[in-house]
Amino acid sequence: MGSMANPVILSLDDDPAVSRAVARDIRRRYGDRFRVVRAGSGPEALAALREIKLRGEQVAVLLADYRMPEMTGIEFLEEAMDLFPAARRVLLTAYADTGAAIDAINLVDLDHYLLKPWHPPEEKLYPVVDALLEAWSSSPESTATELRVVGHRWSAPSFAVRDFLARNLVPYRWLLADDPEAGRLLAAAGASADDLPLVVAADGTTLVAPSEAELAGLVGMTVAPAADFYDLVVVGGGPAGLGAAVYGASEGLRTVLVERLATGGQAGQSSRIENYLGFPDGVSGAQLTDRARRQALKFGAELLSTREVVGLSEAGSARLVHFGDGGTIAAHAVVLATGVSYRMLDAPGLTEFTGRGVFYGSAATEAPSCVGEDVYIVGGANSAGQAAVHFSRYAARVHLLIRGADLTASMSRYLIDQLDGIDQVTVHPHTEVVAAAGDEHLQRLTLRDTRTGERREVDASWLFVFIGAEPRTGWLDGVLVRDERGFVTTGPDLVAGGQRPPGWSLPRDPYHLESSMPGVFAAGDVRTASVKRVASAVGEGAMAVSLVHRYLENQ
Ligand SMILES: Cc1cc2nc3c(=O)[nH]c(=O)nc-3n(C[C@H](O)[C@H](O)[C@H](O)COP(=O)(O)OP(=O)(O)OC[C@H]3O[C@@H](n4cnc5c(N)ncnc54)[C@H](O)[C@@H]3O)c2cc1C
């Protein structure tokens with residue numbers, strides 16, 4: 001049975017002597033727990049990976065030589081990532097090729113490069129592979145091998161399950177309800193086609209139409225806090241929250257991060273972030289935030305998933321954070337990093353088809369289903385532009401609908417240039433969606449020319465909406481000072497009129513990122529007048545932690 005086999009460590013080198021030696025060293029230490037597979041060329045290794053995938057087995061580590069005639073190690077790793085995104089990646093290089101290896105860190109999200117020779121392995125090879133295997137084995141991928149999801153193509157609950165797994169980087173196999181194997185799984189689970197989506201784990205555990213918390217539990221994500229008192233509670237697992245967790249935990253604070261859905265936040269949804277410092281070739285949001293998540297765990301932060309925070313209060317010097325499903329945790333300090341959520345498009349029919357053709361955000365899980373079809377995207381800012389680039393790789397045609405005359409006022413120049421160069425993308429200026437229609441799923445959109453008022457109907461099965469975002473901070477009503485749009489007001493903005501905020505009890509002004517409750521800080525997009533960038537969110541997360549230290553010292 002595929003799911004019983006040991007996970008694979010693959011070693012690729014065109015020099016048979018080197019290949020044998022690497023495999024021997026790896027087998028000596030890891031052979032009892034991992035299956036070592038050897039390949040002599042990129043194409044051969046990819047063929048082996050495809051077979052492993054079909055058998056439902058897992059790949060933990062890929063070690064590839066850089067210089068090979070048919071395909072370089074970087075090209076191989078790039079393709080291998082599509083098959084096994086969770087496998088850790090190592091490049092073997094000669095000293096002269098370190099430049100290429102450093103470039104690959106961004107291009108293929110390389111975990112490590114090893115300079116040849118790697119002897120003695122105890123010093124040079126094993127510590128690297130040990131660390132990578134540890135990271136891999138603590139990832140949900142290693143435990144959730146062969147997770148299968150049976151559902152309907154056009155079903156919002158089925159989409160919700162797939163979206164949750166994808167956002168949390170949990171690999172799964174998607175089976176449509178009419179697939180023969182789906183029928184077998186349903187029969188085995190004693191379920192019917194009315195009980196979808198059905199989730200089947202490798203050990204045979206089944207869940208029918210599971211909640212996010214049930215799914216998180218199934219794939220081994222932590223949902224309950226280990227303690228009830230912490231130095232720091234971080235609310236929200238986007239770049240700002242992950243930044244705060246990494247700096248908090250690395251600087252010795254007992255830190256717990258609470259995330260409603262999946263770590264990564266909006267950044268995790270971005271198909272390619274081009275402007276984050278240190279990644280000249282861009283980086284996918286999922287890769288960047290997965291690294292941050294691992295970094296936070298490495299420093300000892302606790303990460304809780306699928307727990308929504310719905311209340312904040314104070315009890316003496318403790319700050320209390322309340323969960324939507326009951327339960328409370330207390331801490332000396334809190335960093336709010338809840339970001340913003342997509343604004344919904346308002347037109348008849350759109351709500352009904354949400355998750356069944358109408359999607360908010362990039363919904364990366366859906367891209368492969370759009371092959372050869374027309375995709376409509378609403379929005380003129382960078383997120384819409386990135387989505388248009390991403391979907392153009394799959395769709396027959398991508399229609400970008402914008403209200404303005406062109407993109408120059410709302411989108412970065414590099415993205416406008418990129419879109420100009422893609423034939424499949426058409427920008428429709430002065431256009432808005434005014435209605436959606438269909439039977440089981442979205443089939444038609446009515447578009448309106450905002451200058452002439454003229455309406456036209458188009459056949460459309462896919463609509464992705466990116467029309468800005470707003471903070472969801474209603475739960476802080478009456479607890480913290482927020483601006484008229486709901487963003488949390490901090491620092492100097494709280495004392496703009498020369499008056500400290502109501503209820504403020506300390507003989508000092510609030511620190512820069514401090515909210516109107518002492519010891520509660522806000523970082524990233526949720527903060528009044530924030531910059532709405534990954535870099536600034538991460539920076540504010542780090543800065544909030546230094547202010548937490550200052551707050552604790554002066555308590
Ligand atoms: C598609 C897209 C592409 C983008 N591309 C770029 C780019 O190329 N470059 C760039 O610099 N910026 C980009 N941005 C903007 C960037 O992603 C955001 O500025 C950044 O993610 C903000 O980080 P944050 O941590 O403040 O908030 P978010 O990323 O919004 O994260 C907030 C997190 O908090 C969680 N949360 C919210 N409420 C609660 C609650 N009550 N309880 C528990 N958890 C909660 C959410 O689920 C979410 O995970 C892009 C944004 C999008 C949507």
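As the structure lists them, so they are numbered: ligands from 1, and atoms in each ligand from 1.
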(request) Please work out whether any backbone atom (N, CA, C, O) or any side-chain heavy atom from C-beta onward of V258 is under 4.0 Å from ligand 1, and answer side chain, backbone, both or neither. (result) backbone
(message) Side chains of T426 and R397 only: does a donor on one sit below 3.5 Å from an acceptor on the other?
(response) yes
(request) Could you list the atoms of ligand 1 found under 4.0 angstrom from a heavy atom of E308? (result) 41 (N), 42 (N)
(request) Among L476, T490, T473, find the one that has a side chain to side chain contact (heavy atoms under 4.5 Å, CB included) with V526. (result) T473
(request) Report yes or no: does a heavy atom of R527 sit under 4.0 Å from some atom of ligand 1? (result) no
(message) Looking at G486, is its backbone amide N or carbonyl O close enough to the side chain of E470 to form a donor-acceptor pair, meaning the two atoms are under 3.5 Å apart?
(response) no
(request) Could you see which bit of A267 sits under 4.0 Å from ligand 1, with heavy atoms only: side chain, backbone, both or neither? (result) both
(request) Quick one: do R294 and D111 satisfy salt bridge (Lys or Arg N to Asp or Glu O under 4.0 Å)? Show the steps, please. (result) CA-CA 12 Å; R294 285 192 270 135; D111 289 290; 3.6 Å; yes
(request) Taking only heavy atoms of A337 into account, list the atoms of ligand 1 that are under 4.0 Å away from them. (result) 32 (C), 33 (C), 34 (O)
(request) Give the atoms of ligand 1, by number and element, whose distance to some non-hydrogen atom of G265 is under 4.0 Å. (result) 29 (O), 31 (O), 48 (C), 49 (O)
(message) Check contact between Q386 and ligand 1, using heavy atoms of the residue and a distance below 4.0 angstrom.
(response) yes
(request) Evaluate the criterion salt bridge (Lys or Arg N to Asp or Glu O under 4.0 Å) for residue pair K532 and D525; output intermediate values, then yes/no. (result) CA-CA 5 Å; K532 313 282 184 292; D525 282 13; 5.1 Å; no
(message) If we set the cut-off at 4.0 Å for heavy atoms, which region of F323 has an atom near ligand 1: side chain, backbone, both, or neither?
(response) neither
(message) I want to confirm something. Looking only at heavy atoms, which of S383, G236, G243 is nearest to atom 1 (C) of ligand 1?
(response) S383
(message) Would the distance check show the side chain of D406 and the main-chain N or O of T408 forming a donor-acceptor pair, the cut-off being under 3.5 Å?
(response) yes
(request) Specify the closest pair of heavy atoms between A267 and V534, including all atoms of both residues, with the distance to one decimal. (result) CB-CG2, 4.0 Å
(request) Return the orientation label for the Y551 and F521 ring planes: parallel under 30°, perpendicular over 60°, tilted otherwise. (result) perpendicular
(message) Within the 4.0 Å heavy-atom shell around V340, which atoms of ligand 1 are there?
(response) 30 (O)
(message) With a heavy-atom distance limit of 4.0 Å, tell me whether W475 approaches ligand 1 through its side chain, its backbone, both, or neither.
(response) side chain
(request) For ligand 1, note which part of N275 has a heavy atom under 4.0 Å away: side chain, backbone, both or neither. (result) side chain
(request) Go through ligand 1 atom by atom and flag the ones less than 4.0 Å from a non-hydrogen atom of G237. (result) 33 (C), 34 (O)
(request) Indicate the atoms forming the closest heavy-atom contact of T255 with A245, along with that distance. (result) CG2-CA, 4.0 Å
(request) Provide the number and element of each atom of ligand 1 under 4.0 Å from a heavy atom of R533. (result) 10 (C), 11 (O), 12 (N), 19 (O)
(request) Search all heavy atoms of H428 against all heavy atoms of T431 and return the closest pair with its distance. (result) O-OG1, 3.3 Å
(message) Within 45 degrees of the ring normal and closer than 6.0 Å to the centroid, is that where the cationic atom of R550 sits relative to Y511?
(response) yes
(request) Give yes if a backbone or side-chain nitrogen or oxygen of V309 is under 3.5 Å from a nitrogen or oxygen of ligand 1, and no if not. (result) yes
(request) Compute the shortest N/O to N/O distance between G264 and ligand 1 and return yes if it is under 3.5 Å, no if not. (result) no
(message) Distance to the ring centre below 6.0 angstrom and angle to the axis at most 45 degrees; does that hold for R307 and F323?
(response) yes
(message) Taking atom OH as the centre, does Y247 end up with more than 12 heavy-atom neighbours from other residues, nucleotides or ligands that are less than 6.0 angstrom away?
(response) no
(message) Please compare G524, G311, P239, P471 and report which has the shortest non-hydrogen distance to atom 23 (O) of ligand 1.
(response) P239
(message) Contact between ligand 1 and Y342 is defined here as a heavy atom of the residue under 4.0 Å from a ligand atom; is it met?
(response) yes
(request) Pick one of side chain, backbone, both or neither for how A262 approaches ligand 1, counting any non-hydrogen atom pair under 4.0 Å. (result) backbone
(request) Give the numbers and elements of all ligand 1 atoms closer than 4.0 Å to a heavy atom of R307. (result) 43 (C)
(request) Ignoring angles and geometry beyond distance, decide whether V526 reaches within less than 3.5 Å of ligand 1 through its nitrogen or oxygen atoms. (result) no
